[in-house]
**Student:** 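For reference, the structure I am asking about is given below.
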Amino acid sequence: MKPMLNVIAATVLAVPLLAHAASISAYQSTPDDPRAVKVKAVGDGRSDDSAAIQEALNAASNKGEGGVVFLPSGRYRITRSLLVPQAVRLYGVGPTRPVLVLGANTPGFQKGVANMVVFTGGDQYTVGKVPVPVKSAVPYSENVRDANSATFYSAMSNVDFEIGDGNPAAAAVRLRTAQHSYLSHMDFHIGSGLAGVYMVGNESFDLKFYGGRYGILTEKTSPAWQYTLMDSTFEGQREAAIRGHEAGLTLVNTTIRNTPVGIEISRGYGDWLWGKDVRFENVSKAAVVISNEDNVYTQVGFDNALAKNVPVFARFRDSGKTVAGYGPQYQISEFNYGLMLPGLNSVGKFATHVKGASLKALPAARTPVMRSLPATAQWASVRGFGAVGDGVTDDTAAIQKAIDSQRVVYLPQGFYMVQDTIRLKPDTVLIGLHPGVTQLVLPNGAPAYAGADGPKALLESAKGGDAIVTGFGLATGEINPRATALLWKAGAASLVDDIRIQGGHGTRLYDGKRRDPYQKTANFDPVQHWDRQYPSIWVTDGGGGTFIACWSPSTFAQAGFYVSNTKTPGKVYELSAEHHIRAEIVLDNVENWEFLAPQTEQEVRDGMDAVSLEIRNSRNITFANYHAYRVTRSLKPAVAAVKMTNSENIRFRNVHVNAESGYATCDENGCDTYLRASKFPFENTLQDLTSKQEVREHEFAVLDIGPAKPRGAAPTPAGTFANAKVEKLEGDFYSIAGAAVDSKGKLYFVDRRFHRIYSWSREGGLAVVRDAPLDTVNLAIDNSGAIMALSSFGPEGTVYSFDPAQPAGPVTVIKPTPAKPHAGARTVVPVNFWQNGEFRDQLNFDTYEFTTLAEMFARDVALPKQREYVSPDGSLVLPAYRVFKQGPADHLGWRWSDTLDTYGLVSAGANGRVVFTNGSENRTFSGVIGAGGGITDLRLAANRGGESAAVDRNGNVYVANGQVFVYGPDGKEIGRIDVPERPLQLIFGGAGGRTLFILTHRSLYAAGGFDA
């Protein structure tokens, strides 16, 4: 029965009655969970319930492990921000959906951004002080720590919001969280307020936004991963339904109507925007506004967009170009904008691809992606069948009995130890509400899972059924070699949602302790058991269905998500597969699958040799908004994110391969944020092992592999420039960089892994110049011929000098001194920078404009450094860039600064300008080095950035970015030099400076004959 709206008389303290229908409660009764916390508040819409709700949220925090809070039906007026501790989930329960009400003219919600609810996080890096307090919390406090990339499990569901008049700064929810976090079953009546959601994280579904300046206003998520929104509606926003950037915005089955702009990408930014089955109705200015044109980070695509009364489908902010609609009603079956690859072994060109047609009428709305759960009255708790959930009692029989006798089975919070496979019926619905503190657990050494034999599941579906599993964790332990956590053979209508594979990083045990996969003990070394189990989630034998928000990071499993031997369609949304030894995602003999917003991550120890994705013997597969990330602490090169064999008709849309991440900390230099950049992303995006071809572009919008003709630009011929001939000089290095040349053109460089400094010349060949364990990173050479070396040793790094003619000679440590003018001295600066606003809101609360990447970059590189390192002869200056450290003061390698992160150091040329790249914009600039190493008067040198750049005497600029791209002094591309391996650092040297040395991770190449 449709619930009645709880009518409350309007008062000065309550929101006036809003003219909208009551929403339907998703949980019409309170689930049986003795560990849950129930809010005890008035709920009459007039009394201030802020303190009572906050008390319940705090009570569920469970020392950071989290828990469940139930908010009964009612109207709850709040007067300040509710702070949701990490891993706490708030569920509205009762016959009507509870409403959080912001009364008219509530103090604190008139200026800037003011959130009704703020999801918070823990002290991720053990800083102590909060480096960047939440600016949008009411009242503002320096102690409110934002959610971050380690904020897991936080959620809110079945709670509505109403914002009263006179609160123009109000935004309902701030959700800048990581995995297993979401909003669902929520209506946002924003009225004259700012937004329903300010800052997004992970995924959401069944959200309805009414009114407001925006429905969603956001920038990059805290872990810099994708945000997926499903089955949602926006209506009546004053400026745009969604405004944001860099959020990896993935929209599925979403409707936007009665607003000027559907999706607006912020000025000066790009986004990985993918929309599938998106409807636009009565959108007057443009369905999508695209910014930051001709930039690899702008990747926009739609699959089956429908429009009614939308004259302009796409508007390009910078150029003013538009893509018109196809009449009053139309379908855009395909839309792509960005860097398009014509095929393997090619470089990309920017292009727009549109395929559309007019319609007589729009088709009916599609079925929701997320299937509805049965009514809570049908939930049969396993506690009623004798299950205990204490992590010690064997609950196998009790859980199996519940499943055998009931269709809908509920797992209250608890750790349910089992010794054998739990088998689902074809139509079983197995429900939990918190995958962190609701787990099915195999004990280590379970007899049924021992020995060398085939896979044995912890949880197994019936073949071909339409089962649902949601909201709990699966833990297979470390010493259970036959284990696979979830063996899925159910059919296309089945659903796997909000499932966390425990094991490895962040695994919580029943007694509250945490499992550290790196910790060695006297009687058990889990490291020795890595990669000893079958895949954690294994879909096989004709299995398929929909998989939403699954997180699979167990280092002990063969792979995180494995699909084999099936043609049954599968749809995967917001998958996180991480920390495996060999592969994160594997497809073998698979057809008809689609992955939207999959994300992978490899850690420094467990993922050094892992690939993000393996595709074998498969066809008709789509990957869209795919992110392949390697952590910033990585120290080992990896060849390719994707390895493919004997596969065709594979479609990639919106691809992002990276190895940088934000960091916020406080130390003796104060509190700040920094974008740490690793030198070890995947070298190539893809290798086709069958055709022996590869893809080196790290960022692109379109690539089709297979019989279908590729779209976009024509194939690119082999690169040529003048008479450049690439010659391999040396090889078999681990990873080289940090090169410099002396006055005679002799090359010096570092193989950091083995603490060696080499030299190379035509006369002397390769020689070891220094072989000391000093963790040397980058080199420069002063006028006397002495080498100035920058090392990662020590809390601020170390700079030292030595004579390369004396390999075992003395080392002079150079201490930093206050910066001052040095007549005639050269100043060296990084050849590549990364600037980004992660962890610090970039929205100006007065103008509501975001600081752009270009503005951020120009501001930061111009800042003079207060200290510097000066060579013993006084001819060379290295500005002392701030060093950000993580871990013990003497920990080698866990140091980040602009000079430590860069592939090399450069100084100004004869024209007084220095050339360098900006990784966060993927552009190359020149500038003038001033006092303290500040760089000003920036000029665009090339619309392609990368790992490094070098300049010849004619002013031509050489950029290392997959290959070596050559640009004339006017910034136009004039050629390309193809190199057998990915070029990383470029530097001119040799006789007369006419040789372009090209450093890859493993080899040293040269291209000669340049007028350098």
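All values derive from a computational prediction rather than experimental measurement. Heavy-atom basis, side chains included; hydrogens, waters and symmetry copies ignored.
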**Student:** Output the distance between atom CZ (Phe652) and atom OG1 (Thr685), rounded to the nearest 0.5 Å.
**Tutor:** 9.0 Å
**Student:** Taking all non-hydrogen atoms of both residues into account, name the closest pair between Val563 and Val590 and its distance.
**Tutor:** O-CG2, 3.2 Å
**Student:** Do you know the tightest heavy-atom contact between Asp231 and Met370?
**Tutor:** OD2-N, 2.9 Å
**Student:** Hey, mind stepping through Asn620 and Asn592 against side-chain hydrogen bond (donor to acceptor under 3.5 Å, both in side chains) and telling me if it holds?
**Tutor:** CA-CA 5 Å; Asn620 190 28; Asn592 310 317; 2.7 Å; yes
**Student:** Can you label the angle between the Tyr91 ring and the Tyr27 ring as parallel, tilted or perpendicular, going by 30° and 60°?
**Tutor:** perpendicular
**Student:** Ignoring hydrogens and angles, tell me if any N or O in the side chain of Asn148 forms a donor-acceptor pair with the backbone of Gly122 under 3.5 Å.
**Tutor:** yes
**Student:** May I ask you to decide whether Asp498 forms a salt bridge with Arg89, counting only side-chain N to carboxylate O separations under 4.0 Å?
**Tutor:** yes
**Student:** What is the distance from atom CG of Leu474 to atom OG of Ser552, rounded to the nearest 0.5 Å?
**Tutor:** 9.5 Å
**Student:** Tell me, with the steps shown, if Gln558 and Trp538 meet side-chain contact (heavy atoms from CB on, under 4.5 Å).
**Tutor:** CA-CA 10 Å; Gln558 172 186 343; Trp538 193 348; 5.7 Å; no
**Student:** Measure from the side-chain N and O atoms of Thr151 to the backbone N and O of Gln86, and report whether any donor-acceptor pair falls under 3.5 Å.
**Tutor:** no
**Student:** Can you tell me how the ring of Phe547 sits relative to the ring of Trp488, calling it parallel under 30°, perpendicular over 60° and tilted otherwise?
**Tutor:** perpendicular
**Student:** Does the side chain of Thr221 come under 3.5 Å of the side chain of Asn202 through a donor N or O and an acceptor N or O?
**Tutor:** no
**Student:** Can you see which heavy atom on Ala641 is nearest to which on Ala628, and at what distance?
**Tutor:** CB-CB, 3.9 Å
**Student:** Between Trp593 (side chain) and Phe623 (backbone), is there a donor-acceptor pair under 3.5 Å?
**Tutor:** no
**Student:** With the threshold set at 4.0 Å, does a side-chain nitrogen-carboxylate oxygen contact exist between Asp609 and Lys636?
**Tutor:** yes
**Student:** Given side chains that start at C-beta, do those of Val93 and Pro31 come closer than 4.5 Å, heavy atoms only?
**Tutor:** yes
**Student:** Taking Ser494 for the side chain and Ala492 for the main chain, is one N or O donor matched with an acceptor at less than 3.5 Å?
**Tutor:** no
**Student:** Any side-chain donor paired with an acceptor under 3.5 Å for Ser154 and Ser181?
**Tutor:** no
**Student:** Applying side chain to side chain donor-acceptor pair (under 3.5 Å), can you list everything that pairs with Trp225, at least two apart in sequence or on another chain?
**Tutor:** none
**Student:** Whether the Asn654 and Asn625 side chains hold a donor-acceptor pair (N or O, under 3.5 Å, no angle test) is what I'd like checked.
**Tutor:** yes
**Student:** Please give me the minimum heavy-atom distance between Thr555 and His579, naming the atom from each residue.
**Tutor:** OG1-O, 3.0 Å
**Student:** Please check if any side-chain donor atom of Gln179 sits under 3.5 Å from a side-chain acceptor atom of Glu574, or the reverse.
**Tutor:** no
**Student:** Quick check on the 6.0 Å ring-centre criterion: do Phe205 and His185 meet it?
**Tutor:** yes
**Student:** Give a yes or no on whether the backbone of Gln413 and the side-chain of Arg35 come within a donor-acceptor separation of less than 3.5 Å.
**Tutor:** yes
**Student:** Angle between ring planes, Trp272 versus His656, binned at 30° and 60°: parallel, tilted or perpendicular?
**Tutor:** tilted
**Student:** Can you list the residues that meet the salt bridge (Lys or Arg N to Asp or Glu O under 4.0 Å) rule with Asp497, with sequence neighbours excluded?
**Tutor:** none
**Student:** Hey, is the main chain of Ala26 close enough, under 3.5 Å, to the side chain of Asn158 for a donor-acceptor pair?
**Tutor:** yes
**Student:** Please report the closest heavy-atom contact between Thr250 and Ala597, naming both atoms and the distance.
**Tutor:** OG1-CB, 3.6 Å
**Student:** With a 4.5 Å heavy-atom cut-off, do Met644 and Thr690 have their side chains touching?
**Tutor:** no
**Student:** Asn617 and Asn646: side-chain donor and acceptor closer than 3.5 Å?
**Tutor:** yes
**Student:** If the threshold is 4.0 Å, N to carboxylate O, is there a salt bridge linking Lys456 and Asp420?
**Tutor:** yes
**Student:** My understanding is that only one of Val69, Val68, Val37, Asn62 makes a side chain to side chain contact (heavy atoms under 4.5 Å, CB included) with Val88; could you say which?
**Tutor:** Val69
**Student:** Using a strict cut-off of less than 4.0 Å between a Lys/Arg side-chain nitrogen and an Asp/Glu carboxylate oxygen, indicate whether Glu614 and Lys643 qualify as a salt bridge.
**Tutor:** no
**Student:** In terms of side-chain heavy atoms, does Arg651 have a donor or acceptor partner in Asn649 at a distance below 3.5 Å?
**Tutor:** yes
**Student:** Would you say the side-chain atoms of Ser149 pair up with the backbone N or O of Pro223, donor to acceptor, closer than 3.5 Å?
**Tutor:** no
**Student:** For Val631 and Glu601, run side-chain contact (heavy atoms from CB on, under 4.5 Å): C-alpha distance rounded to whole Å, both residues' side-chain angles, the deciding distance at 0.1 Å, then the answer.
**Tutor:** CA-CA 7 Å; Val631 299; Glu601 175 181 308; 3.5 Å; yes
**Student:** Has Thr566 got a side-chain atom pairing as donor or acceptor with Ser564's backbone, closer than 3.5 angstrom?
**Tutor:** no
**Student:** Is there a donor-acceptor contact under 3.5 Å from the side chain of Asn684 to the main chain of Ala640?
**Tutor:** no
**Student:** Using the six-membered ring wherever Trp is involved, compare the ring planes of His180 and Tyr153 and label them parallel, tilted or perpendicular (cut-offs 30° and 60°).
**Tutor:** parallel
**Student:** Would you name the heavy atoms of Tyr626 and Val642 that are closest together and state the gap between them?
**Tutor:** OH-CG2, 3.4 Å
**Student:** Identify which one of Glu578, His627, Gln226, Glu584 satisfies the side-chain hydrogen bond (donor to acceptor under 3.5 Å, both in side chains) criterion when paired with Gln599.
**Tutor:** Glu578
**Student:** Is Thr484 reaching over with its side chain to a backbone N or O of Tyr534, donor-acceptor style, under 3.5 angstrom?
**Tutor:** no
**Student:** Is there a donor-acceptor contact under 3.5 Å linking the side chains of Tyr629 and Ser661?
**Tutor:** yes
**Student:** Return yes if a side-chain donor-acceptor contact under 3.5 Å exists between Glu478 and Asn444, otherwise no.
**Tutor:** yes
**Student:** Nearest 0.5 Å please: distance from the CD atom of Gln502 over to the CZ atom of Phe415.
**Tutor:** 7.5 Å
**Student:** Between Asp394 and Gln419, do the side chains contain a donor N or O and an acceptor N or O under 3.5 Å apart?
**Tutor:** no
**Student:** Just by distance, no angles: are the side chains of Ser157 and Ser184 close enough, under 3.5 Å, to form a donor-acceptor pair?
**Tutor:** yes
**Student:** Is there a side-chain contact (heavy atoms from CB on, under 4.5 Å) between Ser536 and Phe556 once you walk through the steps?
**Tutor:** CA-CA 9 Å; Ser536 291; Phe556 304 96; over 6 Å; no
**Student:** For Val639 and Gln687, what are the C-alpha separation, side-chain angles and deciding distance, and is it a side-chain contact (heavy atoms from CB on, under 4.5 Å)?
**Tutor:** CA-CA 8 Å; Val639 174; Gln687 281 187 328; 3.1 Å; yes
